[in-house]
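Notes to accompany the following structure.
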2 protein chains.
Amino acid sequence: MHPFATVGDVPKDLSERPSFLIGQLGYLMGKRFSELLRPLGIQPPHFGLLSYLADEEGQTQQQLADRMSVHRNVMVGLVDDLQGMGLVERRRHPEDRRAHALYLTDEGRSVLVRANGIADEHDTMLVGALDSEDQGQLLEWLQLLAESNGLAPKVHPALQDAGKSQTP
Amino acid sequence: MHPFATVGDVPKDLSERPSFLIGQLGYLMGKRFSELLRPLGIQPPHFGLLSYLADEEGQTQQQLADRMSVHRNVMVGLVDDLQGMGLVERRRHPEDRRAHALYLTDEGRSVLVRANGIADEHDTMLVGALDSEDQGQLLEWLQLLAESNGLAPKVHPALQDAGKSQTP
DNA sequence: TATTGTTATACTCTATAACTATA
DNA sequence: TATAGTTATAGAGTATAACAATA
C-alpha cells in the first residue's frame, strides 16, 4: 500500500483511465492517418481542405480558414501545397479583387476520392476488433462525448489553437 | 450528389468517423489535462514520471526512461524540472556510480496525490455524460482497441516517437 | 479604417549528435 | 567497448507581427 493513499484508495492505473486511453488512441490516429495519406502526397489538413472545398467550390481562403478554424496564414501554406501538386486552382474572385476563388482540379477530385477510401480503411483499423453492432454504439457515444466536451463538429482542435482573426 | 462519388456512395462526414472523433477527443485530453495540472506546476509527462517513480523508488533515470519510453535526454529535463520544484531527489546510486537513484520527496508525494485527484476529475469531465454502466462498457472497448491497435499499456505514444537507445 | 492574402520573424519542441565519467 | 547522464546544435512546426492591395 502506498504511503500517500490518504483517501483510502490506490492511485488508478493509467490504462484504467478513459482519458489516457483516448489520448493514446487519438495521438495514434493522427500519426497513422498521416502515414496512410503519404502515398497521395498530402497530410490530414490537406484532406480536410479538399473535403471542405468539395462541399462548395469557389470559396475564398478566408472562408475556408474560418470553416476549418485555422489561421489564414496557415491556409496560405496549405493552398500553396495543393496548388503546387495541381490539386486546387486559385482563380480571380468575381466580386472581390483582394480574394481568390478556389477550385478543385480533376486531379484534386481524384485524390479526394482516394483519400476518402484511405480514411475508410483507417476507421476499420481502429474499430475492426469490435463487431458491427458495438461499432455503432461506440460511434454514438463518441459523438455524444465530443459534443458534451465542447468540440465543434468537423473541426480538429489541433488546428484552431492559434488566435485566428485578431489583428491588433 | 458529388461528381466524384465513383463507388456510388457519398463521402462520409468527418464526425461520422470514429478515427476523427477519437482524434479530436484525444487532442483535447492532452490539452485539458495540461491545463488542469498547471496549478500544480507540472505537465502530463511529469505526472507520468511521478507515478512510475512512486511504483518503485530508487530507479535510475535510464530505467524510468525505458518504462515511459522516452529518450534519456528528455528524462534529464523532466528530472531537472521536478528536482527544481523539490518534488524528486537525485541520490547516489549504491551500486553504479554513473547512475542516479531517484526518490520522491514528501512534497512530491503530496503533489502526486493531488495530481491523481485531478486526473479523476479529468476522467469525469470526459465520460460524465454517460451513465455508470455505459462508462464501464466504453472503458472495456477502449482498452480492447488500444491493444488491437498495438499500443503499449501505460505508455503515451507521443513520448516514444524518438529513437531511444541507438547510439550510432 | 477594415479585410484578403502574403511574407518574415520569433519561439517552442524535439531530434540528433557529442561529450564525461564510469563500468 | 558499452552505458548513465549531460549538454549543445539543428531542424520542424507554429505563433505573432507586419506588409501591400483592395474594400
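Model, not experiment: these values are computed from the prediction. We name chains A, B, ... by the order of the sequence lines, and we start the count at 1 in each one.
- Taking all atoms of both residues into account, the shortest heavy-atom contact from B:F20 to A:H156 is CZ-N, 3.8 Å.
- Checked for salt-bridge contact, A:K154 and B:E16 miss the test: no charged N lies under 4.0 Å from a carboxylate O.
- Remark: C1' of D:dA4 and CE of B:M75 are 13 Å apart, rounded to the nearest angstrom.
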What pairs of donor and acceptor atoms, side-chain ones from residues 126-133 of chain B against any protein atom, are under 3.5 angstrom apart with sequence neighbours left out?
{"unit_1": "B:D131", "atom_1": "OD1", "unit_2": "B:E133", "atom_2": "N", "d": "3.1"}
{"unit_1": "B:D131", "atom_1": "OD1", "unit_2": "B:D134", "atom_2": "N", "d": "2.9"}

Polar atom pairs between nucleotides 6-8 of chain C and protein, under 3.5 Å, N or O only, would you list them?
{"unit_1": "C:dT6", "atom_1": "OP1", "unit_2": "A:R90", "atom_2": "NH1", "d": "3.4"}
{"unit_1": "C:dT6", "atom_1": "OP2", "unit_2": "A:Q61", "atom_2": "OE1", "d": "3.0"}
{"unit_1": "C:dT6", "atom_1": "OP2", "unit_2": "A:Q61", "atom_2": "NE2", "d": "3.0"}
{"unit_1": "C:dT6", "atom_1": "OP2", "unit_2": "A:R90", "atom_2": "NH1", "d": "2.7"}
{"unit_1": "C:dT6", "atom_1": "O4", "unit_2": "A:N73", "atom_2": "OD1", "d": "2.9"}
{"unit_1": "C:dT7", "atom_1": "O4", "unit_2": "A:N73", "atom_2": "ND2", "d": "3.2"}

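- Relative to the axis of its first five pairs, the axis of the last five pairs of the helix from C:dT1-D:dA23 to C:dA23-D:dT1 sits at 20°, rounded to 10 degrees.
- Here the CD1-CG distance, from B:I42 to B:L87, works out to 7.0 Å after rounding to the nearest 0.5 Å.
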Might you list the N or O atoms of the protein lying below 3.5 Å from N or O atoms in nucleotides 10-12 of chain C, with each pair's distance?
none

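- Following rounding to the nearest Å, B:K31 (NZ) and C:dC13 (C1') show an atom-to-atom distance of 18 Å.
- Shown for residues 36-52 of chain A: no residue has heavy atoms falling under 4.0 angstrom of DNA chain C.
- Taking B:H100 as the reference, nothing meets the ring pair (Phe, Tyr, Trp, His ring centres under 6.0 Å) condition, with sequence neighbours excluded.
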Going through the distances and angles, do A:Q61 and A:R90 end up as a side chain to side chain donor-acceptor pair (under 3.5 Å)?
-> CA-CA 9 Å; A:Q61 294 184 189; A:R90 286 192 243 235; 2.6 Å; yes

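- When rounded to the nearest whole Å, the span between CG of A:L82 and P of C:dG5 equals 15 Å.
- Scanning for salt bridge (charged side-chain N to carboxylate O under 4.0 Å, His left out) contacts around A:E121 gives an empty result, with sequence neighbours left out.
- Contact check on B:D120 versus A:R17 returns a salt bridge, with a Lys/Arg side-chain nitrogen under 4.0 Å from an Asp/Glu carboxylate oxygen.
- Straight-line distance from the CZ atom of B:R92 to the C1' atom of D:dA4: 15 Å, rounded to whole Å.
- Regarding B:Y27, its OH atom lies at a distance of 12 Å from the C1' atom of D:dG13, rounded to whole Å.
- With sequence neighbours excluded, no residue satisfies side-chain contact (heavy atoms from CB on, under 4.5 Å) with B:E147.
- For B:S51, the side-chain contact (heavy atoms from CB on, under 4.5 Å) partners two or more places apart in sequence, or in a different chain, are B:F47, B:L112.
- Between the side chain of A:Q24 and the backbone N or O of B:A152 there is at least one donor-acceptor pair closer than 3.5 Å.
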With 3.5 Å as the limit, what N/O pairs link the protein to nucleotides 20-23 of chain C?
{"unit_1": "C:dA23", "atom_1": "OP1", "unit_2": "B:R97", "atom_2": "N", "d": "3.2"}

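- For A:R91 and A:E57, the salt-bridge test fails: no basic side-chain N is under 4.0 Å from an acidic carboxylate O.
- In this structure, B:L78 places its CG atom 14 Å from C1' of D:dG5, rounding to the nearest Å.
- Applying the side-chain hydrogen bond (donor to acceptor under 3.5 Å, both in side chains) test to A:R97 and every residue at least two apart in sequence or in another chain returns nothing.
- Every residue two or more places apart in sequence or in another chain was checked for a salt bridge (charged side-chain N to carboxylate O under 4.0 Å, His left out) with A:D81, and none qualifies.
- Within the 3.5 Å criterion, the main-chain N or O of A:E56 finds a donor-acceptor partner in the side chain of A:Q59.
- Regarding B:R67, its CZ atom lies at a distance of 13 Å from the P atom of D:dA4, rounded to whole Å.
- Shown here for B:L78 and B:P45, the closest heavy-atom pair between the two residues is CD2-CB, 3.9 Å.
- Across the protein-nucleic acid pair, B:H93 atom NE2 and D:dA4 atom P stand 11 Å apart, rounded to whole Å.
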